[in-house]
Amino acid sequence: MRSSAELAITVQKSSIIAMDTRYNFRENEEKWQKAWDQHAIYETKENKPKYYVLEMLPYPSGRLHMGHVRNYTIGDVIARYKHACGYSVLHPMGWDAFGLPAENAAIKNNVHPKTWTLENIQHMKQEIKSLGISYDWKREIATCSPEYYGQEQKIFLDFLKAGIAYRKESFVNWDPIEGSVLANEQVIDGKGWRSGALIEQRKLSQWFFKITDFAPELLDDLAHLGNWPVQVKTMQKNWIGRSTGVRIRFSFLENEEGLETFSTQPGTLFGATFLGISPDHPFVEKLATSLPALQTFMAECRARGTSQKDIDTAEKKGFNTGLTLQHPFLKDKVLPLYVANFVLMDYGTGVIFGCPAHDERDYEFAEKYKLPILPVVEGPEEVSLPYEGEGTLINSDFLDGLSVKEANEEVIRRLVEKKIGVRETNYKLRDWGVSRQRYWGCPIPIIHCPICGIVPVPENQLPVKLPDDVSFDQPGNPLDNHPTWKHVNCPKCGEAAVRETDTFDTFVDSSWYFIRYCAPNFPQPIDKEKSEFWLPVDQYIGGIEHAILHLLYARFFTKALAKCGYWTISEPFKNLLTQGMVCHETYRDEAGAWVYPHEIEKRDGQFFKITDGTPIKVGRSEKMSKSKSNAIPANKMVEEYGADTLRLFMLSDSPPERDIEWTDAGIEGSWRYLNKVWRLVSSHVSMIKAIKLADVPLEFTDNAIELRKCTHKTIFHVSEDIERFHLNRYIARLREFTNAIEDFSPREPSELWALHEALHALVLLMAPAVPHLAETLWAALGHEMFVYEASWPKPDPDLLREESIKLAIQVNGKLRGTIEISPDLSEENVKNLVLDLPFVKAQVQDKIVKKFIYIPGRIANVVL
RNA sequence: GCCCGCUUGGUGGAAUGGUAGACACAACAGACUUAAAAUCUGUCGAUCGAAAGGUCGUGCCAGUUCGAGUCUGGCAGCGGGCACCA
């Protein structure tokens with residue numbers, strides 16, 4: 001507990017504010033941040049009902065950008081509000097500290113990734129602290145610290161035991177000039193971003209997590225995430241992509257062997273005119289050994305990046321194997337087998353039957369290779385091919401006349417009967433490849449022994465630490481090139497062996513950090529008791545760009561950890577808010593180069609470069625980014641306007657889930673509003689201080705009642721707005737309320753009391769958004785405790801009631817006027833009243849009133 | 001290419017299927033000031049009208065409804081994601 005004497009001194013000091021004409025944010029923000037720290041008010045307590053507010057942990061790029069500020073401000077409003085409502089709040093912050101940019105910086109600027117990262121963290125932490133967010137820094141996590149990643153290695157070993165982690169071959173982007181693996185981001189138009197070399201797909205043996213085992217759960221549990229945005233759930237649903245169909249075996253004419261296809265539209269089987277097989281199919285690899293032309297074709301298919309976009313937008317290419325397969329139902333029909341680059345090995349069986357008349361991709365392919373196109377579904381009206389809609393089967397033997405759905409069922413029934421088909425459920429979701437051929441990541445705790453094979457590092461030897469003495473002078477992974485680090489003795493047989501030199505995908509780090517916050521120093525990865533107290537996260541807030549991958553991986557981890565016996569939680573995030581981006585106009589100089597906003601000036605409505613006065617072309621508003629030079633540095637804004645102004649601006653104008661446009665005018669407006677509130681409160685302090693809120697007057701004047709109604713309505717609406725994340729409306733209501741108080745001039749004691757009540761409420765209500773100013777004004781009003789510790793105000797229901805309401809009157813759905821009525825009037829009374837109105841009579845004239853619609857409190861509609 | 005969104009005044013936005021434009025920003029006019037800044041007051045979707053008031057208006061086209069910014073179908077433009085950026 002803090003001593004009240006100590007605080008009283010602070011209060012004394014801050015009451016001098018009335019002397020100045022402008023709010024001194026520099027002095028006050030620094031003072032309160034220090035005081036909060038000293039009294040450790042943001043340290044997590046566990047004595048009340050819990051509420052876990054979480055913002056996505058940032059990558060320590062070095063600078064705090066506006067997207068971060070927006071994210072943390074939204075979170076802070078919720079955290080402070082929930083705290084005021086009487087919850088024990090967990091509100092932590094940390095660093096997603098592994099990843100590519102550190103290595104890029106190492107190569108470009110010859111700085112060690114660790115040094116670069118730790119310095120960035122230092123710097124960004126100061127910037128975040130200057131925002132006055134209510135974080136419990138005692139729980140801070142950096143994923144690059146051995147304390148964190150060592151526990152992650154432990155989790156991996158558990159996954160390995162549980163059969164969730166396994167090894168298989170898969171493709172990477174190989175840059176033949178650099179001699180290293182590239183991220184999709186580093187492949188531009190099929191070429192390496194640094195070398196410009198044509199990228200080829202290369203097969204490597206890598207570690208995978210069996211997320212597909214959890215596909216049904218990940219899909220079905222979406223239904224329980226009631227407070228997730230629907231579009232996020234839809235995206236995840238489509239990503240997991242459950243589909244039911246049939247696996248059909250086709251036999252070769254030439255020999256006994258066959259190939260299995262998967263189809264979700266087996267009803268179109270009679271329209272099949274070819275079979276397509278993936279170039280990565282084992283059968284093709286076998287076939288290619290004796291077919292040099294096929295080898296060339298396969299190499300062609302692999303001369304591109306691994307991203308889905310590259311695959312989908314690549315030109316459709318095929319190779320006729322010359323082999324033919326028998327149609328399952330038509331004795332006389334044979335289908336040629338093409339190796340086709342659009343058939344994916346990862347989905348289904350890697351073989352399809354092509355029905356060009358009713359599939360877009362098959363159609364394109366058939367056109368190109370002059371394959372027959374046979375329609376088997378007739379649409380309700382004349383349709384152009386390919387036609388993928390509903391219809392009736394034709395040219396299809398025993399399926400003729402059936403609907404597509406019936407045909408699917410019937411053909412499956414017959415295939416199963418003939419024992420050449422099995423009903424099958426498939427998922428688009430693929431297993432999660434977690435191996436990265438990079439240095440700056442969590443080492444995978446595995447030893448490869450020539451005798452024992454794959455041997456897990458014993459738990460008591462964890463963490464497997466990253467060596468610091470690495471060089472980026474050679475191509476490839478520095479861990480792989482390290483002279484000593486990877487050479488160890490096998491823990492099993494003691495013979496010479498090598499460490500796994502791949503590190504984890506950084507998505508692994510961010511898949512469980514929110515669990516670690518619950519007990520950041522626990523000697524095991526997860527403290528069951530603490531995490532089951534705090535989890536699931538009550539409110540998760542972050543960018544919409546994470547809608548699929550990060551959120552799906554974190555959900556998977558939660559379920560996988562449950563399978564390993566860590567706990568019984570099945571979903572990590574109860575509520576999710578996906579915030580929009582912060583955008584800004586873009587500027588280019590005459591040469592077309594991007595120019596920063598601070599490098600330009602405005603004269604007569606035109607923009608010019610400050611340095612040389614050349615004109616600037618203004619482009620459309622885009623997401624703030626380094627590459628477009630349109631980012632406004634957060635720290636500069638904090639210096640110029642203070643944290644509260646910046647926070648206020650981030651909350652005003654746009655609702656959280658929408659993009660927000662950065663404007664200088666907007667930040668100015670927020671600054672003006674803060675000063676207005678500061679002047680309003682400070683100018684009344686001496687007048688109302690004598691009036692104690694505890695001494696409620698027995699009677700109020702009409703004036704006082706009017707203000708009190710406004711106060712309590714504002715309390716009601718603000719609470720509702722925050723609960724619903726209508727944070728821009730929350731700010732709008734504060735402004736409205738402020739305007740109402742400004743217009744109020746008290747003339748007698750009950751009015752002074754009402755004014756005191758209003759100002760008291762205003763400060764409490766604004767505290768989650770602008771905590772520094774709120775503390776300053778709270779102290780000025782004579783309080784000795786922090787406003788952070790004050791309870792959220794409750795509206796008086798008596799003051800929320802309306803004696804008369806405005807009712808809109810429509811005739812035939814068109815607004816004709818409004819009337820004031822008592823809300824208790826019966827429909828019959830309202831009807832008589834409305835039909836008697838002159839402006840209604842003028843419309844009705846001698847027509848008959850067909851219908852009278854009355855929605856109490858909303859509208860009355862006379863239908864003629 | 002595939003999946004998911006978004007589109008309302010000069011601008012950001014508000015509106016449980018029920019008075020479109022709350023609250024702001026910008027602009028303009030005025031007050032205060034020697035002046036400027038700051039602050040305060042007023043006007044502010046388009047159009048017709050002296051006014052009262054009318055008509056039109058939420059990206060485009062159609063539909064459902066007594067009533068559509070809101071629901072349904074189609075189209076356009078812009079954005080997010082696409083499995084190795086985080």
Side-chain angles (χ1 to χ4, degrees), chain A residues 21-22 56-59 61 96 98-101 104 172-173 181-187 206 211 229-239 241 305-314 342 346 360-361 428-438 505-507 510 543-550 552-553 578 580-581 583 620 622-623 652-655 657-661 663-666 668-670 672-673 675-676 679 726 728-729 731-736 739 742 806-818 850-853 855 857-864:
Chain A
T21 54
R22 279 189 152 203
M56 288 182 181
L57 92 169
Y59 180 79
S61 58
D96 189 13
F98 276 136
L100 259 190
N104 292 336
V172 293
N173 299 308
V181 176
L182 296 189
N184 282 341
E185 179 191 55
Q186 299 172 316
V187 180
Q206 307 190 76
I211 191 172
V230 230
Q231 74 267 30
V232 174
K233 288 195 276 185
T234 311
M235 280 190 262
Q236 292 220 349
K237 184 178 164 235
N238 293 339
W239 185 263
T306 58
S307 83
Q308 195 62 43
K309 198 186 163 194
D310 287 347
I311 294 165
D312 284 348
T313 51
F342 68 94
D346 293 312
E360 190 83 46
R361 289 163 310 176
K428 241 190 273 175
L429 184 69
R430 310 200 295 255
D431 275 340
W432 175 12
V434 294
S435 288
R436 296 292 180 270
Q437 295 71 40
R438 297 186 211 298
D505 176 5
T506 56
F507 272 125
S510 57
I544 182 72
E545 66 271 21
H546 295 292
I548 297 176
L549 292 180
H550 162 62
L552 191 67
Y553 291 149
T578 49
M581 301 174 300
C583 301
R620 67 155 200 277
E622 294 189 58
K623 177 187 174 171
S652 312
D653 291 352
S654 286
E657 57 282 355
R658 266 222 232 178
D659 288 353
I660 190 170
E661 173 71 19
T663 60
D664 294 341
E668 282 285 347
S670 294
R672 277 204 297 273
Y673 173 69
N675 275 290
K676 185 171 169 168
R679 275 195 309 272
H726 293 171
N728 55 330
R729 285 212 323 209
I731 303 303
R733 301 223 195 256
L734 290 182
R735 284 179 180 269
E736 272 181 300
N739 292 342
E742 261 192 332
K806 220 162 141 196
L807 185 72
I809 311 297
Q810 297 182 337
V811 178
N812 280 338
K814 207 171 170 78
L815 183 78
R816 292 295 168 184
T818 59
K850 283 193 200 136
K851 214 166 160 187
F852 181 77
I853 293 158
I855 314 291
R858 296 258 167 222
I859 206 153
N861 188 9
V862 180
V863 184
L864 302 174

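Heavy-atom basis, side chains included; hydrogens, waters and symmetry copies ignored. Chain letters run A, B, ... following the sequence lines, proteins first and then strands; every chain starts at 1.
- Contact annotation: the side chain of A:Trp239 approaches that of A:Leu429 to within less than 4.5 Å [non-hydrogen atoms, C-beta and beyond].
- Between B:U19, B:C82, B:A86, one nucleotide has an atom nearer to the side chain of A:Lys309 than all others, and that is B:C82.
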Distances for protein N/O vs nucleotides 5-8 of chain B N/O pairs under 3.5 angstrom?
{"unit_1": "B:U7", "atom_1": "OP1", "unit_2": "A:Arg658", "atom_2": "NH2", "d": "3.2"}

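- Not a single salt bridge (charged side-chain N to carboxylate O under 4.0 Å, His left out) links A:Glu545 to another residue, sequence neighbours left out.
- Within the nucleic acid shown, A:Pro58 has no heavy atom closer than 4.0 Å to any nucleic acid atom.
- Comparing atom distances between the A:Ile544 side chain and each of B:G80, B:C84, B:C82 picks out B:G80 as nearest.
- Dashed line: the shortest gap from a side-chain N or O of A:Lys814 to OP1 or OP2 of B:C56 is under 4.0 Å.
- Note on A:Gly543: nothing from the nucleic acid sits closer than 4.0 angstrom, heavy atoms only.
- Contact annotation: A:Asn184 side-chain N/O to B:A83 OP1/OP2 distance is under 4.0 Å.
- The residue A:Met56 sits apart from the nucleic acid: no heavy atom pair falls under 4.0 Å.
- Between the P atom of B:C85 and the CG atom of A:Asp505 lies a distance of 8 Å, rounded to the nearest Å.
- Residue A:Ile544 comes nearest to A:Gln231 through the heavy atom pair CD1-NE2, 4.5 Å, listed as atom of the first residue, atom of the second, then distance.
- Nearest heavy-atom pair, A:Ala183 versus A:Asn173, reported as atom, atom and distance to 0.1 Å: C-ND2, 3.8 Å.
- Look at B:U7: its Watson-Crick or wobble partner, with both distances under 3.5 angstrom, is B:A76.
- Counted by atom type alone, A:Ser654 and A:Asp659 present zero donor-acceptor pairs between their side chains at under 3.5 Å.
- A:Gln236 comes within contact range of no nucleotide atom at all, as no heavy-atom separation falls under 4.0 Å.
- Within 4.0 Å of A:Thr313, counting heavy atoms only, lies at least one base atom of the nucleic acid.
- Between A:Ser654 and B:G13 there is a side-chain polar atom (N or O) within less than 4.0 angstrom of OP1 or OP2.
- Proximity note for A:Arg22 (side chain, C-beta onward) versus B:A38, B:C85, B:U19: the nearest is B:A38.
- When each of B:U19, B:C84, B:C4 is scored by its nearest atom to the side-chain atoms of A:Asn238, the top-ranked nucleotide is B:C4.
- Across all strands shown, nothing is found opposite B:U64 as a Watson-Crick or G-U wobble partner with both distances under 3.5 Å.
- A donor-acceptor contact shorter than 3.5 Å links the side chain of A:Asn861 to the backbone of A:Gly813.
- Taking the side chain to side chain contact (heavy atoms under 4.5 Å, CB included) definition, one finds that A:Ala860 meets it with A:Leu807, A:Ile809, A:Val834, A:Phe852, A:Tyr854, sequence neighbours left out.
- Across B:G18, B:C85, B:A83, the shortest atom-to-atom separation from the side chain of A:Ile859 is found for B:G18.
- Of the candidates B:A83, B:C84, B:C85, B:C84 carries the atom nearest the A:Arg438 side chain, counting heavy atoms from C-beta on.
- Nucleotide B:U34: unpaired (no Watson-Crick or G-U wobble partner with both distances less than 3.5 Å).
- Atom P of B:C71 sits at a distance of 15 Å from the matching atom of B:U8, rounded to the whole Å.
- Pair assignment for B:U55 gives B:A46, based on Watson-Crick or G-U wobble hydrogen-bonding distances that are each under 3.5 Å.
- A donor-acceptor contact under 3.5 Å links the side chain of A:Gln437 to the base of B:C84.
- Taken from CG in A:Asn184 to NZ in A:Lys309, the straight-line distance is 11.5 Å, to the nearest 0.5 Å.
- When side chains are defined from C-beta on, A:Val862 does not count as touching A:Arg816, because their heavy atoms never get closer than 4.5 Å.
- Within 4.0 Å of A:Lys237, counting heavy atoms only, lies no atom of the nucleic acid at all.
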Checklist entry - Along nucleotides 20-27 of chain B, 5' to 3', which nucleotides get a B, which get an S, and which get a -, given that the test is a protein heavy-atom distance under 4.0 Å? => result --BSSSS-
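- As judged by a 4.0 angstrom heavy-atom cut-off over every strand, A:Asp659 is placed among residues touching the sugar-phosphate backbone only.
- The nearest heavy atom of RNA chain B to A:Ile855 and to A:His726 marks one nucleotide each, and the one closer to the 5' end goes with A:His726.
- Here B:C66 is the nucleotide among B:G54, B:C66, B:C85 with the atom lying nearest to any side-chain atom of A:Ile853.
- For B:U19, there is no paired base (Watson-Crick or G-U wobble, both distances below 3.5 Å).
- Residue A:Ile548 has its side chain nearest to B:G81 when only B:C84, B:G81, B:A14 are considered.
- Of the candidates B:C4, B:C85, B:G81, the closest approach to any side-chain atom of A:Glu545 belongs to B:G81.
- Environment of CZ in A:Arg735: crowded, with over 12 heavy atoms of neighbouring residues, nucleotides or ligands closer than 6.0 Å.
- Judged as a side-chain hydrogen bond (donor to acceptor under 3.5 Å, both in side chains), and not counting sequence neighbours, the contacts of A:Gln236 are A:Arg555.
- A search for side-chain hydrogen bond (donor to acceptor under 3.5 Å, both in side chains) contacts involving A:Asp431 returns A:Tyr166, A:Lys210, A:Thr212, not counting sequence neighbours.
- When distances run from any side-chain atom of A:Asp312 to the nucleotides B:A86, B:C82, B:G1, the shortest one goes to B:G1.
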